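First listed ligand is number 1; within each ligand, the first listed atom is number 1. Treat the numbers as computed from the prediction; the structure is a model and nothing was measured. Hydrogens, waters and symmetry mates are skipped; everything else that's a heavy atom, side chains included, is used.
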Amino acid sequence: MNVQRYTPPAMLLHWVQAMVVLWLLWLGWHMVDLPKGAERSAAYSLHKSLGLLALMLVLVRLAWRRKHPAPREMTRGWEARLATATHHALYTLLFLAPVAGYLASSFTPYAIKFFGVELPKAGWPDESLNSVFKLAHEAFVWGTGGLIALHIAGAAKHAFMRDGTLQRMLPAWLLRN
Ligand code: HEM
Ligand code: HEM
């Protein structure tokens with residue numbers, strides 16, 4: 001089948017970001033239940049660094065996509081519209097979720113570090129503002145999780161139908177297609 005693929009940088013960014021975001025969802029879900037102590041602090045610290053990396057990745061992805069539009073949809077009608085709407089909503093939430101996380105962390109007494117490098121904060125210790133952004137972060141990340149589940153279900157359906165959609169996000173050498 002003659003498949004129009006995404007560009008190699010778009011594929012690389014997609015798979016690196018997919019791994020980072022799935023890791024973040026798992027880590028975030030587990031770390032909030034850890035007892036206070038060194039393990040919890042290390043988990044929060046790693047979560048913030050990975051979260052900021054996810055934010056950078058989405059910005060690079062969007063910048064790349066502006067110059068290199070996605071290949072033409074292979075399906076038509078409601079399926080193509082649902083795929084496009086899911087991708088747009090995913091990009092929006094992949095931006096809003098880490099920004100809300102950064103703002104929530106800004107209104108605490110703790111430093112925000114990116115793999116050990118201290119970053120400027122956008123706020124000051126304030127419990128009520130911290131709660132507002134924590135709530136927004138929680139809503140955005142679970143929205144992201146729901147969309148990812150829908151997205152993976154869609155990809156699995158296409159893989160099952162062998163209609164070439166999955167190949168668009170996989171390098172030709174991997175499939176010898
Ligand atoms: C097993 C996991 C995954 C599979 C199999 C998968 C597969 C795919 C495929 C085949 C496409 C191209 C769809 C098309 O051409 O219409 C795509 C696009 C996309 N995926 Fe995934 N994906 C996975 C995980 C994720 C995750 C975790 C995220 C979020 C971080 C994500 C975000 C996106 C976005 C935003 C697009 C749109 C790309 C664009 O048009 O610019 N994917 N994915
Ligand atoms: C795409 C990026 C991100 C994802 C998918 C993500 C995911 C999550 C998840 C699943 C939780 C647990 C929510 C709950 O059920 O209570 C969480 C909590 C948290 N996240 Fe993120 N996060 C991201 C980015 C960030 C960033 C950039 C920061 C800060 C720099 C951050 C700081 C926090 C903090 C402080 C909590 C704990 C909130 C609490 O104690 O209730 N996150 N995150």
Around atom 23 (C) of ligand 2, find the nearest protein heavy atom and jot down its residue, atom name and distance.
H137 CE1, 3.3 Å
Within the structure, does W29 bring an N/O atom to less than 3.5 angstrom of an N/O atom in ligand 2?
no
Answer yes or no: is there a donor N or O on one side and an acceptor on the other, between the side chain of W15 and the main chain of M169, under 3.5 Å?
yes
Could you check atom 10 (C) of ligand 1 against the protein and tell me its nearest heavy-atom contact, residue, atom and distance included?
T165 O, 3.5 Å
Side chain or backbone, does K48 bring an N or O within less than 3.5 Å of an N or O on ligand 2?
no
side-chain contact (heavy atoms from CB on, under 4.5 Å) between H158 and D163, intermediate numbers included
CA-CA 6 Å; H158 288 295; D163 63 4; 2.6 Å; yes
Ignoring hydrogens and angles, tell me if any N or O in the side chain of R5 forms a donor-acceptor pair with the backbone of Q167 under 3.5 Å.
yes
Tell me which protein heavy atom sits closest to atom 35 (C) of ligand 2, plus the residue, atom name and distance to 0.1 Å.
S105 OG, 3.7 Å
To check your reading of the model: name the closest protein heavy atom to atom 14 (C) of ligand 2, its residue, and the distance in Å.
E138 CG, 3.7 Å
Checking the side chain of N130 only, and the main-chain atoms of T108 only, is there a donor and an acceptor separated by less than 3.5 Å?
no
Using a 4.5 Å cut-off on heavy atoms from C-beta on, say whether the side chain of I148 contacts that of L22.
yes
Output the list of atoms in ligand 1 that are nearer than 4.0 Å to some heavy atom of Y91, sorted by atom number.
35 (C), 38 (C), 39 (C), 41 (O)
So for T144, does at least one of its heavy atoms come nearer than 4.0 angstrom to any atom of ligand 2?
no
Step by step, work out the side-chain contact (heavy atoms from CB on, under 4.5 Å) result for L59 and F95.
CA-CA 8 Å; L59 295 176; F95 173 73; 4.0 Å; yes
For atom 11 (C) of ligand 2, what's the nearest protein heavy-atom neighbour? Residue, atom name and distance, please.
G28 CA, 3.6 Å
Among G101, A104, A97, closest by any non-hydrogen atom to atom 28 (C) of ligand 2:
G101
Q17 side chain near L94 side chain, heavy-atom distance below 4.5 Å:
yes
Can T7 and W64 be said to form a side-chain contact (heavy atoms from CB on, under 4.5 Å), step by step?
CA-CA 10 Å; T7 56; W64 180 264; 2.8 Å; yes
Look at ligand 2 and say whether L55 reaches it with a heavy atom at a distance under 4.0 Å.
no
Minimum-distance protein heavy atom relative to atom 41 (O) of ligand 2:
K134 CE, 3.5 Å
Between V58, T144, V141, which is the residue that forms a side-chain contact (heavy atoms from CB on, under 4.5 Å) with L93?
T144
From CA spacing to verdict: side-chain hydrogen bond (donor to acceptor under 3.5 Å, both in side chains), W124, S106
CA-CA 6 Å; W124 51 91; S106 286; over 6 Å; no
When you compare the side chain of Y91 with that of R61, does any pair of heavy atoms fall below 4.5 Å?
yes
Say whether, by atom type as modelled, one donor and one acceptor occur between the side chain of R40 and the main chain of L34 under 3.5 angstrom.
yes
Give yes if a backbone or side-chain nitrogen or oxygen of Y44 is under 3.5 Å from a nitrogen or oxygen of ligand 2, and no if not.
yes
Any donor-acceptor N/O pair, S105 side chain to Y110 backbone, under 3.5 Å
no
Evaluate side-chain contact (heavy atoms from CB on, under 4.5 Å) for H47 paired with L24, printing each intermediate quantity in order.
CA-CA 6 Å; H47 182 86; L24 273 164; 3.5 Å; yes
To the nearest 10 degrees, how large is the angle at atom 21 (Fe) of ligand 1 between H14 NE2 and H151 NE2?
180°
What protein heavy atom sits nearest atom 33 (C) of ligand 2, and how far away is it?
H47 CD2, 3.5 Å
One finds that the ligand 1 atoms under 4.0 Å from a non-hydrogen atom of A70 are 40 (O)
For L52, atoms of ligand 2 separated by under 4.0 Å from a heavy atom:
27 (C)
Tell me, which protein residue and heavy-atom name are nearest atom 3 (C) of ligand 2, and how many Å apart are they?
L24 CD1, 3.7 Å
Counting heavy atoms under 4.0 Å, the part of W15 that contacts ligand 1 is side chain
Got a donor-acceptor contact below 3.5 angstrom from the R168 side chain to the P71 backbone?
yes
Identity and distance of the protein heavy atom lying nearest atom 13 (C) of ligand 1
H87 CE1, 3.7 Å
So, is Y102 polar-close to ligand 2, with some N/O to N/O distance under 3.5 Å?
no
What part of H158 sits under 4.0 Å from ligand 1 if we count only heavy atoms: the side chain, the backbone, both or neither?
neither
Can you list the atoms of ligand 1 that are under 4.0 Å from a heavy atom of R168?
14 (C), 15 (O), 16 (O)
Taking 4.0 angstrom as the limit and counting only heavy atoms of L166, give me the atoms of ligand 1 inside it, by number and element.
5 (C), 10 (C)
Proximity flag W26 to ligand 2, non-hydrogen atoms under 4.0 Å
no
Give the residue and atom name of whichever protein heavy atom lies nearest to atom 7 (C) of ligand 2, and the separation in Å to one decimal.
V141 CG1, 3.3 Å
As a check for students: among Q17, R61, Q4, identify the option with a heavy atom nearest to atom 34 (C) of ligand 1.
R61
Check E127 with K134, please: is the shortest side-chain N to carboxylate O separation under 4.0 Å?
no
Which of the atoms of ligand 1 are close to L90, meaning less than 4.0 Å from one of its heavy atoms?
32 (C)
Short side-chain to backbone donor-acceptor contact, H14 and A10, under 3.5 Å
no
Name the closest protein heavy atom to atom 12 (C) of ligand 1, giving the residue it belongs to and the distance to 0.1 Å.
Y6 CE1, 3.6 Å
Atom 26 (C) of ligand 1 [closest protein heavy-atom partner, distance rounded to 0.1 Å]
A18 CB, 3.7 Å
Using a plain distance cutoff, I'd like to know if R65 has any nitrogen or oxygen under 3.5 Å from a nitrogen or oxygen of ligand 1.
yes
In terms of hydrophobic clusters joined by side-chain contacts under 4.5 Å, are L90 and V60 together?
yes
